[in-house]
Student: 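Below are the structure tokens for one structure; questions will follow.
All figures in this text were calculated on a predicted structure; none of them were measured in a lab.
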Amino acid sequence: MNGYSQYKEKSIYSMSGPELLLLLFDEAIKRLSRAERSLQEKDYTDFEDCIQRTTRIVRYLIDILNMDYPISRDLRRIYTYLVYDLSRVNAGRERRQDEIGRIRHILSELREAFDGASRKVNDTHMVIQREVRG
């Protein structure tokens with residue numbers, strides 16, 4: 001493994017849960033942009049790879065949902081719809097090209113929502129009473 005790969009792997013392992021979640025969204029959004037370019041360039045192999053990788057990311061987001069929270073059911077429905085829509089894009093290719101931007105927009109909105117929630121949680125400070133000695 002080269003130095004860059006080791007650095008990248010170390011940085012991923014040192015990320016917090018919210019940072020990893022944002023990284024997943026960023027990667028899915030990046031892959032959809034690349035899929036759109038590949039489709040315009042008629043590079044169908046790269047297009048299919050990008051759609052498949054995005055689908056795997058969204059399926060992973062479904063897998064890691066904690067179903068103890070009511071919002072998880074709504075998120076699961078959204079993610080399941082995105083997987084369905086990604087399969088339609090892959091099957092329809094150029095007929096469904098306009099769908100890629102819509103899917104990317106949905107993922108971007110979800111990313112922003114998770115980023116905002118993470119910031120809000122991290123900005124909440126609890127004051128712990130400590131005994132002063134000395």
Student: For residues Arg102 and Asp98, determine if any side-chain heavy atom of one lies less than 4.5 Å from a side-chain heavy atom of the other.
Tutor: no
Student: To the nearest 0.5 Å, tell me how far Gln52 CD sits from Asn90 CG.
Tutor: 6.5 Å
Student: Which distance, rounded to the nearest 0.5 Å, do you find between the CZ of Arg73 and the CD1 of Ile78?
Tutor: 13.5 Å
Student: Once rounded to the nearest 0.5 Å, what's the spacing between atom CD1 of Ile106 and atom CG of Leu110?
Tutor: 7.5 Å
Student: For the pair Ser118 (side chain) and Phe114 (backbone), establish whether a donor and an acceptor sit closer than 3.5 Å, ignoring hydrogens and angles.
Tutor: no
Student: Please report the closest heavy-atom contact between Glu36 and Gly101, naming both atoms and the distance.
Tutor: OE2-N, 4.0 Å
Student: Answer whether the closest heavy-atom distance between the side chains of Asp74 and Tyr69 falls below 4.5 Å.
Tutor: no
Student: State, yes or no, whether a side-chain contact exists between Leu86 and Leu32 at a heavy-atom distance under 4.5 Å.
Tutor: yes
Student: Can Asp49 and Arg53 be counted as an ion pair, charged N to O under 4.0 angstrom?
Tutor: yes
Student: Going from CG on Leu39 to CD on Glu48, what distance comes out if it is rounded to the nearest 0.5 angstrom?
Tutor: 10.0 Å
Student: Minimum heavy-atom separation for Leu22 to Arg111, with atom names?
Tutor: CD2-O, 3.6 Å
Student: Answer yes or no: is there a side-chain heavy-atom contact under 4.5 Å between Phe25 and Ile57?
Tutor: no
Student: What is the minimum heavy-atom distance between Ser72 and Leu65, and which atoms define it?
Tutor: O-CD1, 3.6 Å
Student: Can you name the nearest heavy-atom pair linking Ser108 to Ile29, along with the distance?
Tutor: OG-CD1, 3.5 Å
Student: Between Arg59 and Asp63, does any NZ, NE, NH1 or NH2 come within less than 4.0 Å of an OD or OE carboxylate oxygen?
Tutor: no
Student: Considering non-hydrogen atoms only, spot the tightest contact between Ile51 and Ala35 and give its length.
Tutor: CD1-CB, 3.9 Å
Student: Only one of Leu61, Leu107, Val58 passes side-chain contact (heavy atoms from CB on, under 4.5 Å) with Leu24; say which it is.
Tutor: Leu61
Student: Any chance you could measure Ile100, atom CD1, to Asp85, atom CG, to the nearest 0.5 Å?
Tutor: 10.5 Å
